[in-house]
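Numbers here simply count residues along the sequence, with the first being 1. Source: prediction; values computed, not measured. Both counts, for ligands and for their atoms, begin at 1 and track the order of listing.
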Amino acid sequence: MSKVIVITGASSGIGETTAKLLAKHGNKLVLGARRESKLQQIADDIKSEGGTAIYASTDVTDLSSVKKLAQLALDTFGQIDVWMNNAGLMPHSEFIKGRVEDWNRMIDVNLRGVLYGINAALPSMREKKSGQFINMASVAAHAVHQGGGVYSATKAGVLMISDALRQEEAAAKSNIRVTVVSPGAVATELVENVTDPATKKSLEKYYDQTAISPDRIAASILAAIDLPVDATMNEIIIRPTSQG
Ligand code: NDP
């Protein structure tokens, strides 16, 4: 069945790859991220393969921008079947380095951005009594390592927010499904945006040796969306087979 699927952070990595796979399977894609030229290119790629995609430059730290993305989906396609809260960043560093700007950006994008997505999409899903959230967490939501304290806190927060949402929607009998995706190392632009040079270097080495293709994550998301609606994959933990 063709669904209307909104993806934040659709301009690269897991978001881009998932958008392209879901479009190939006949779904209508609504793409959001800050880099509009990348979104345009991805929408053109999807259309050249016979798929359907629209986009809007979106900053998930700005509630009005996120609401505009939701409105674009509703105005164009009349409904939102799936909202994927995917935008995120991982500028690891030890606390002693005092990179407060990075901490704030992670809280704003990884946590506040997810809440804004829920705020933008939930009312119309409630009205329709159907819908699905796909919220990107991480294996870092389950275990913390040095340098990853703030990132893990935001991703553990995504887990908690998602489970509370799941319980509330189950109680309301709204048929709204909540799926958390917790990947291990995936080859995307994530490490490029690490700002602390020493941390970036060691992460690059680790990712070069370990990371899997975002195709793998996209395939698991397709499976979660295509599952019959009376069942939900509540969390998918998917990591490279060789990741310890
Ligand atoms: P990428 O860096 O390739 O993608 C991140 C996306 O987030 C980009 O499209 C970027 O677009 C978007 N983004 C960043 N800030 C904002 C913002 N303020 N508003 C809107 N969009 C924003 O990394 P991944 O594909 O790896 O990351 C996707 C998700 O997967 C993240 O939540 C990440 O934490 C999670 N994840 C990734 C793992 C990995 O190893 N790669 C492992 C576990 C989880 P733009 O710059 O155009 O705004």
Beyond-backbone contact of [X] with [Y], side-chain heavy atoms, under 4.5 angstrom:
{"X": "D102", "Y": "K97", "value": "no"}
{"X": "H145", "Y": "S152", "value": "no"}
{"X": "T18", "Y": "P214", "value": "no"}
{"X": "M136", "Y": "V158", "value": "no"}
{"X": "I176", "Y": "R126", "value": "yes"}
{"X": "F133", "Y": "V114", "value": "no"}
{"X": "V229", "Y": "S130", "value": "no"}

Counting only heavy atoms closer than 4.0 Å, does ligand 1 sit against the backbone of [X], its side chain, both, or neither?
{"X": "S182", "result": "neither"}
{"X": "T58", "result": "backbone"}
{"X": "V60", "result": "both"}
{"X": "K155", "result": "side chain"}
{"X": "A185", "result": "backbone"}

**Asked** In this structure, are over 12 heavy atoms from other groups packed under 6.0 Å from Q209 atom CD?
**Response** yes
I'd like to check which ligand 1 atoms, numbered from 1 as shown, lie under 4.0 Å from a non-hydrogen atom of [X].
{"X": "V109", "value": "15 (N), 18 (N)"}
{"X": "G13", "value": "3 (O), 25 (O)"}
{"X": "Y207", "value": "39 (C), 40 (O)"}

Starting from [atom], locate the nearest protein heavy atom and write down its residue, its atom name and how far away it is, to 0.1 Å.
{"atom": "atom 12 (C) of ligand 1", "result": "G9 CA, 3.5 Å"}
{"atom": "atom 26 (O) of ligand 1", "result": "T188 OG1, 2.6 Å"}
{"atom": "atom 25 (O) of ligand 1", "result": "I14 N, 2.8 Å"}
{"atom": "atom 41 (N) of ligand 1", "result": "V186 O, 3.1 Å"}
{"atom": "atom 38 (C) of ligand 1", "result": "L190 CD2, 3.7 Å"}
{"atom": "atom 36 (N) of ligand 1", "result": "Y151 OH, 3.7 Å"}
{"atom": "atom 46 (O) of ligand 1", "result": "R34 NH2, 2.9 Å"}
{"atom": "atom 4 (O) of ligand 1", "result": "S12 OG, 3.2 Å"}

Polar atom proximity, [X] to ligand 1 (N or O, under 3.5 Å):
{"X": "M136", "result": "no"}
{"X": "G15", "result": "no"}
{"X": "S11", "result": "yes"}

**Electrostatic pair R105-E101, nearest N-O below 4.0 angstrom** = no
**Message:** Just to verify, which of K155, R239, E235 counts as forming a side chain to side chain donor-acceptor pair (under 3.5 Å) with S182?
**Reply:** E235
**Item:** Nearest non-hydrogen partners of A137 and V180, listed with the distance
**Value:** CB-CG1, 3.5 Å
**Shortest non-hydrogen contact from N110 toward G88** = OD1-CA, 3.2 Å
**Item:** Modelled atom types, side-chain donor and acceptor of T58 and K68, under 3.5 Å
**Value:** no
**Item:** A137 near ligand 1 by a heavy-atom separation under 4.0 Å
**Value:** yes
**Request:** Determine whether any heavy atom of G184 lies closer than 4.0 Å to an atom of ligand 1.
**Result:** yes
**Item:** Donor-acceptor contact present, side-chain N86 to main-chain T8, <3.5 Å
**Value:** yes
**Request:** Only heavy atoms count here, so choose which of G88, A211, A87, G113 is nearest to atom 21 (N) of ligand 1.
**Result:** A87
**Item:** Residue selection (non-hydrogen contact nearest atom 32 (O) of ligand 1) among N86, T18, D59
**Value:** N86
